[in-house]
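Worksheet for the structure shown next.
Below, chains carry the letters A, B, ... as their sequence lines are ordered, and counting in each starts from 1. Atom set for the values below is all heavy atoms of this structure, side chains included, hydrogens, waters and symmetry mates excluded.
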Amino acid sequence: MNPKRIPNQPLLKILQIPNSFWGSLFCKNIIGFFILFLSWAAFLPLSTAENTHPFRYGGKLVLTTTSDPKSFNEIIAKEVSTSEITAYLFEGLTRVNAVDLKVEPHLARSWKISPDGLTWIFHLRRDVKWFDGFQFNADDVVFTFNELIYNLNIPTSSRDIFTINGQTPKVEKIDDFTVKFTLQSKFAPFLWVMSQPILPKHKLEKTVTERKFNFTWGIDTDPREIIGTGPYKLAKYVPGQQIILERNPLYWRKSVDGDQLPYINKIIYLIVQSADVELLKFLEGSIDYYVLRGMDFSLLKPLEKNDDFTIYDMGPSSSSNFITFNLNPGINPKTNKPFVDPIKLSWFSKLEFRQAVAHVIDKQKIIEIVKNKLGYPQSSAMTEGAGFFNNTNVVQYDYDLTKAKELLQKAGFIDRNQDGILEDSQGHDIEFNLYTNADNTERVDIAAIIRHDLEKLGMKINFQPLEFNILVSKLNSTFEWEAIVLGLTGGVEPHFGRNVWASTGQLHLWYPKQTTPATSWEKRLDEIFDLGVQELDENKRKVFYDEFQAIVAEKLPLIYTVLSAKLSAVRNKFENLNPTNFGGVFHNLEEIYIKKEYR
Amino acid sequence: MTRNTEHVSEFQLALRSFKKNRLAVCCAMILFIFYAGAIFADFLSPYSYRNEDRNYSYCPPTPVRFFDEGKWVGPYIYGQTLTFNEFYRRVYQTDTTRRFPVRLFVQGDEYKLLGLIPSRLHLVGVQEGARLYLIGADSRGRDLWSRILYGAQISLSIGLIGVLISFSIGLIVGGVAGFYGGWIDNVLMRLCEMVMMVPGFYLLLALRAAVPDDFNSVQIYFAIVVILSFIGWAGLARIIRGMCLSLREREYVLAAKSLGLSDFKIILRHILPHTVSYSIAAVMLSIPGYILGESALSLIGLGIQDPYASWGNLLSDNMSIVRIKFAPWILWPGVFIFLTVISFNIIGDTLRDCLDPMMKAERK
Amino acid sequence: MQDAILKINHLTVAVQEFNKETLLVNDLNLEIPRNRITALVGSSGSGKTTTGLAILRLLPQALYMKKGAIVWEGQDLMNLSENQMRLMRGKKIGMVFQEPLNAFNPVFTIGFQIGEVLKQHTTLSGPKINDEIVRLLTTVGVDDPPRILNSYPYQLSGGLRQRAMIAQAIAASPSLIIADEPTSNLDVTLQAHIMELFRKLRDELKMTILLISHDLGMVVHLAEQVAILANGRMVESGETKSIWQHPRHPFTQQLKQKMVI
């Protein structure tokens with residue numbers, strides 16, 4: 001090979017570099033290192049890659065909350081005010097897609113399930129970093145389960161979620177980015193519950209060994225100590241005033257075009273006293289988002305154009321409202337008296353009685369009056385928002401006072417002495433207490449309307465709104481109540497309602513914690529929930545849960561009333577919004593950015 | 001030689017100068033009207049407090065017309081139908097095809113006059129087919145005017161009964177403390193201070209929480225009255241005690257003692273009657289506290305319950321800026337509370353001023 | 001010599017002022033003979049009213065009996081409980097005050113107030129009470145008892161009021177009346193009448209009277225015994241006639257000359 005002749009360039013001449021330089025070892029080494037350097041630089045994490053759409057980055061989202069978080073420790077504290085915030089900071093191996101309600105990979109990039117459905121192997125992402133730069137790996141997953149969730153010294157409701165048939169899955173590290181879960185019985189919602197947030201081992205290990213975990217990451221913690229993998233990290237918390245979250249520059253997710261997410265720089269939660277204050281703040285422009293009550297619609301809708309916002313109607317909420325009767329035949333061990341007067345228990349236990357009550361719920365008018373026409377009648381235990389598992393084919397009860405009277409007559413409830421009040425076959429006046437929680441004005445209104453109509457039928461109702469804690473103690477400990485108007489949050493995965501529907505369930509409101517099922521239909525519900533959770537084929541599962549909803553609608557342990565409409569108002573400055581019933585407006589917050597013209 | 005003067009008690013003298021104060025007399029008349037309205041609520045209101053019609057939710061005040069095409073036909077109203085506009089706002093369409101005359105002394109909802117005599121006679125009303133809402137309807141179509149009248153029964157009576165109870169307790173405690181002095185006075189006054197020390201509203205809540213849940217409405221009413229009196233007696237007791245401390249130095253108290261009268265009789269006959277004139281003014285000034293206390297309890301849902309009306313729970317029904325914007329008439333109960341409180345305050349102040357110089361003259 | 005209905009032995013009454021104890025009555029010894037009028041005379045501040053109140057155990061709170069015994073028919077009143085003492089007051093020992101306008105409750109009628117005493121100490125009731133009040137008022141020399149009965153204290157003249165007060169004091173028929181300056185606020189003519197009334201009480205009703213006054217000249221015609229008080233101490237005592245004729249103590253002499261007010 002002929003040695004290359006250096007071009008006779010004036011620059012080189014000026015530099016006076018000898019010819020021999022270019023062929024020397026030193027030069028080859030330098031070129032070699034330079035090539036290595038370039039290849040290394042090409043793999044640098046694009047932490048400041050505002051490359052594809054630089055104009056999308058920046059700005060803030062201002063939201064409100066009506067209560068302070070109780071803690072930032074996601075394991076210990078699960079109430080809404082805490083999980084609202086920790087949802088930004090921590091992530092799980094899976095995530096539920098708010099659009100199609102399917103589970104998708106998140107911190108785990110893929111998984112495999114054994115043919116017997118009992119062994120799950122998760123392959124973790126390798127590009128996830130904790131806020132402090134440490135690498136996320138299998139150790140963190142194993143730590144979160146074995147040291148935190150399964151730790152009996154740590155009070156957490158997550159343990160109940162992972163207790164399947166009395167046992168918890170075995171969690172083992174296979175290698176740095178592979179984790180194995182071994183279940184003792186099949187569990188259909190397993191991928192769903194694997195959205196459980198993972199916490200950092202390197203940061204929290206010491207607190208567990210020192211038995212300090214229960215007090216770690218409380219509300220007075222320095223925000224910089226709270227380490228997660230999520231799109232946002234805690235920047236500042238001023239109790240009673242605001243919570244500020246900041247963009248995580250190390251976040252692993254990218255947009256479809258390759259932008260590193262999230263786009264929005266800051267999320268600010270203003271802590272306000274009441275919904276009215278929130279409304280005022282929205283009207284004056286200080287906040288970007290407002291969840292509407294039915295009555296707010298008339299006020300806000302006309303202002304949409306002028307005030308530059310849009311109201312999204314995302315369909316029915318999944319929080320139910322119902323009236324239920326106490327069917328508990330038990331005896332109070334302290335007083336040796338039955339929880340419910342046996343005479344009244346005999347009324348409530350008659351199916352015709354409950355059916356009559358169902359026919360007396362004027363759902364149309366309740367929606368008109370209480371929700372300002374922005375609501376939906378509810379007939380089924382799983383609401384429309386549940387999507388796939390919602391059974392629309394259940395028994396419907398229309399508002400029919402005549403029919404109700406007939407049913408009552410059939411069951412022996414007649415006004416024999418014409419005093420305006422029905423009596424049972426023994427001559428006892430139909431009279432009972434109706435409770436609800438005083439602080440929920442909508443529920444109080446619903447209860448008042450139901451009460452009025454029941455009185456039209458000829459029943460005597462003693463309506464008494466109670467303070468929430470008193471109501472809860474009646475439901476959970478003293479069991480001394482007769483009829484209650486209450487509500488429960490709903491969901492997409494039917495198994496999570498097991499607490500309510502299984503006869504041994506704590507939330508089996510009308511007759512909780514049964515030792516053996518009291519009725520044949522409750523026995524069937526137990527079976528359904530045991531079988532449904534182990535059936536991994538979705539369509540086969542649907543058959544079970546459709547039956548459960550049909551039973552509930554037929555036997556009416558809970559008599560459903562109405563659902564609110566999910567309405568939110570959002571300023572028009574946000575792009576990429578995709579509001580869904582399940583996810584609300586900001587389920588895809590990382591992908592949302594502020595429009596150019598609003599900067 | 002004796003002066004042949006007509007006996008005029010100091011209270012009557014005070015009353016005379018009270019009558020000269022026009023503002024106070026005006027307030028007294030307002031209260032008289034309110035109380036009269038409360039007593040005859042059944043008759044004066046077009047509808048019972050429970051009469052609801054869901055098809056008239058938040059119906060605005062019904063315009064009463066007098067002329068039809070320029071001709072005088074007497075008072076009448078048109079029927080209304082509820083519709084929702086594009087913004088889901090309630091809009092009532094007037095049906096001008098049929099007139100419903102507003103009549104006096106009509107037959108309406110049944111009630112028992114003064115709790116005893118059944119009757120169906122109402123002062124005003126219209127026949128079936130239209131609803132007469134003098135100041136508008138609430139969320140369930142109940143007539144607000146009727147409910148205000150019924151609400152007066154509860155709100156105004158709570159004030160009177162409550163103050164009667166506090167007054168009695170305060171007089172006795174204050175009288176005993178002031179008369180005996182010493183350790184009895186000490187103990188009783190420390191007790192007063194302990195009660196006064198607890199922030200009134202929280203004491204109210206704590207006591208309300210202690211009320212058994214299965215009380216019916218009447219029992220809750222009395223429980224609320226008792227609770228409110230429990231809060232109020234301490235202030236009165238202290239004032240009475242102060243007055244008694246000085247009154248017991250009066251010579252006629254010494255004379256009464258020298259005559260061997262029992263302490264109880266001395267307190268009752270010779271000391272307390274001299275505090276009554278001041279107490280009445282104090283009582284007038286404290287009645288508003290009861291009315292507002294009941295309203296406060298109702299606003300948080302712990303007061304008088306649906307379907308019974310009290311001015312407090314009428315306000316609490318719809319405490320939201322949106323409702324107030326679209327149905328501003330729901331604030332009327334607030335106006336009544338305001339007028340009542342102001343009237344009691346003015347009357348109390350004026351009475352106190354009128355009685356004061358009398359007391360000074362009496363001491364000579 | 002009459003036996004003593006009341007014996008005051010070594011009575012010492014003190015008051016605590018700014019950590020200093022001042023003696024208002026200092027070692028007073030006095031025997032009050034039954035059915036006689038005994039006068040206790042001294043200038044203001046001499047302790048005479050205090051003595052009167054001490055007998056009834058009605059001393060103001062700041063004052064206290066430091067020493068001494070008050071023996072009533074053999075029993076030391078100091079040893080009685082408050083309840084027992086209350087039974088004595090009005091029933092056994094009565095008091096007439098200086099200013100009846102103050103001593104009557106202005107808001108009740110005379111009849112009501114005398115009636116109270118009767119209800120407390122006697123078993124009378126209803127119309128019998130009114131009859132008794134009329135009788136009492138007549139006894140004390142009131143002309144139109146029914147009208148007085150229904151009158152308020154301020155409606156009466158000074159003299160009538162004083163009579164009414166005396167009527168009230170004797171209503172329960174006490175054996176001893178303590179009259180504290182009963183005529184000081186009345187004019188001279190009325191004084192004579194009231195003194196006459198006391199004489200009547202002593203002679204006709206057989207009452208014993210302890211007359212407290214600053215005016216030696218006024219009591220000299222009425223009282224059999226007199227004791228002179230000065231600065232809490234008894235300086236002289238004995239038969240009125242001899243004291244008046246031969247006052248030994250300079251203070252007594254002063255009183256006689258009415259130069260002390």
Side-chain angles (χ1 to χ4, degrees), chain A residues 274-277 279-280 283 292-304 311 362 364-366 368-374 431 433 435-441 444-445 447-449 451-453 455-456 460-467 469-471 473-474 478 480-482 565 567, chain B residues 49-59 82-91 110 137-142 205-206 208-220 223 297-308 313 316-327 330:
Chain A
S274 70
D276 270 354
V277 177
L279 177 60
L280 285 171
L283 287 170
L292 276 77
R293 301 163 292 188
M295 57 177 159
D296 298 324
F297 189 80
S298 317
L299 179 64
L300 287 176
K301 188 73 181 171
L303 299 172
E304 256 187 323
I311 298 182
D362 192 353
Q364 265 324 105
K365 285 295 174 186
I366 292 178
E368 239 179 58
I369 292 173
V370 181
K371 310 276 185 197
N372 203 49
K373 228 180 178 206
L374 289 158
E431 182 180 340
N433 292 332
Y435 296 144
T436 190
N437 51 321
D439 47 287
N440 187 332
T441 45
V444 172
D445 287 343
I449 293 177
R451 179 254 182 108
H452 187 265
D453 284 343
E455 286 186 335
K456 273 215 282 233
K460 196 155 177 292
I461 319 282
N462 295 322
F463 178 45
Q464 174 74 298
L466 296 175
E467 205 255 311
N469 290 325
I470 298 179
L471 193 64
S473 106
K474 278 198 188 295
T478 65
E480 278 158 4
W481 56 276
E482 287 161 8
L567 298 157
Chain B
Y49 64 97
R50 324 172 67 125
N51 188 328
E52 71 177 61
D53 188 336
R54 290 176 203 152
N55 294 312
Y56 286 90
S57 173
Y58 288 121
C59 184
L82 170 60
T83 62
F84 285 85
N85 71 3
E86 83 228 66
F87 298 128
Y88 287 82
R89 187 173 163 179
R90 287 169 173 75
V91 175
E110 223 181 275
D138 71 0
S139 65
R140 281 148 61 185
R142 295 181 294 194
L205 290 181
R208 178 65 179 88
V211 172
D213 323 310
D214 45 5
F215 266 18
N216 65 35
S217 294
V218 176
Q219 291 169 312
I220 290 180
L297 272 180
S298 296
L299 265 159
I300 52 174
L302 297 176
I304 303 295
Q305 298 299 341
D306 197 86
Y308 300 103
N313 83 4
S316 80
D317 269 355
N318 300 293
M319 259 305 125
S320 156
I321 46 175
V322 179
R323 297 237 189 268
I324 294 174
K325 180 173 159 69
F326 291 127
I330 58 174

- Among A/A275, A/P302, A/A438, who wins on heavy-atom pairs under 4.5 Å with chain B? A/P302
- Note on the structure: Turns out that what part of A/E455 lies under 4.5 Å from chain B's heavy atoms comes down to side chain
- When rounded to the nearest 0.5 Å, the distance separating OG of A/S298 from CZ of B/R90 is 7.5 Å
- Looking only at heavy atoms, the pair that brings B/I321 and A/D276 closest together is N-OD2, 3.1 Å
- Message: With a 4.5 angstrom heavy-atom cut-off, is it the side chain or the backbone of B/N85 that approaches chain A, or both, or neither?
- Response: neither
- Task: State the CZ-CZ distance between B/R323 and A/R293, to the nearest 0.5 angstrom.
- Result: 8.5 Å
- Message: Show the nearest heavy-atom pair for residues B/E86 and A/F297, with the distance to one decimal.
- Response: O-CE2, 4.3 Å
- Heavy-atom distance under 4.5 Å between the side chains of B/R54 and A/D453, does that happen here? yes
- Query: So which part of A/K373 gets closer than 4.5 Å to some heavy atom of chain B, the side chain, the backbone, both or neither?
  - Reply: both
- Message: With a sphere of 6.0 Å drawn around CD of A/Q364, does it hold more than 12 non-hydrogen atoms of other residues, nucleotides or ligands?
- Response: no
- Task: Against chain A, label B/Y58 side chain, backbone, both or neither, depending on which of its atoms sit under 4.5 Å from a heavy atom there.
- Result: neither
- Contacting moiety of A/L279, where chain B heavy atoms sit under 4.5 Å: side chain
- Query: What residues form a ring-ring contact (aromatic ring centres under 6.0 Å, His included) with A/F463, not counting sequence neighbours?
  - Reply: none
- Note on the structure: Okay, A/V444 and chain B: the region with an atom under 4.5 Å from a heavy atom over there is neither
- Message: If I compare all heavy atoms of A/M295 with all of B/S320, which pair ends up nearest, and what's the gap?
- Response: CE-OG, 3.5 Å
- Item | chain A contact via B/R50 - which portion, at a heavy-atom distance below 4.5 Å | both
- Where on A/E368 is there a heavy atom nearer than 4.5 Å to chain B: the side chain, the backbone, both, or neither? both
- Can you tell me if CZ on B/F326 sees more than 12 non-hydrogen neighbours from other groups inside 6.0 Å? yes
- Item | Heavy-atom proximity to chain A below 4.5 Å, by part of B/S57 | side chain
- Verify the neighbour count for atom NZ of A/K456: are there more than 12 heavy atoms of other residues, nucleotides or ligands below 6.0 Å? yes
- Report the distance from atom CZ of B/F87 to atom CG of A/N372, rounding to the nearest 0.5 Å. 13.0 Å
- Query: Heavy atoms, side chains only, cut-off 4.5 Å: are B/P307 and A/R451 in contact?
  - Reply: yes
- Let me see the working for A/L299 and B/R89 under side chain to side chain contact (heavy atoms under 4.5 Å, CB included), right down to the final yes or no. CA-CA 8 Å; A/L299 179 64; B/R89 187 173 163 179; over 6 Å; no
- Check whether B/F84 gets within reach of chain A through its side chain, its backbone, both or neither, counting any heavy atom under 4.5 Å. side chain
- Message: Please report the interatomic distance CD1(A/I366) to CZ(B/R140), rounded to the nearest 0.5 Å.
- Response: 10.0 Å
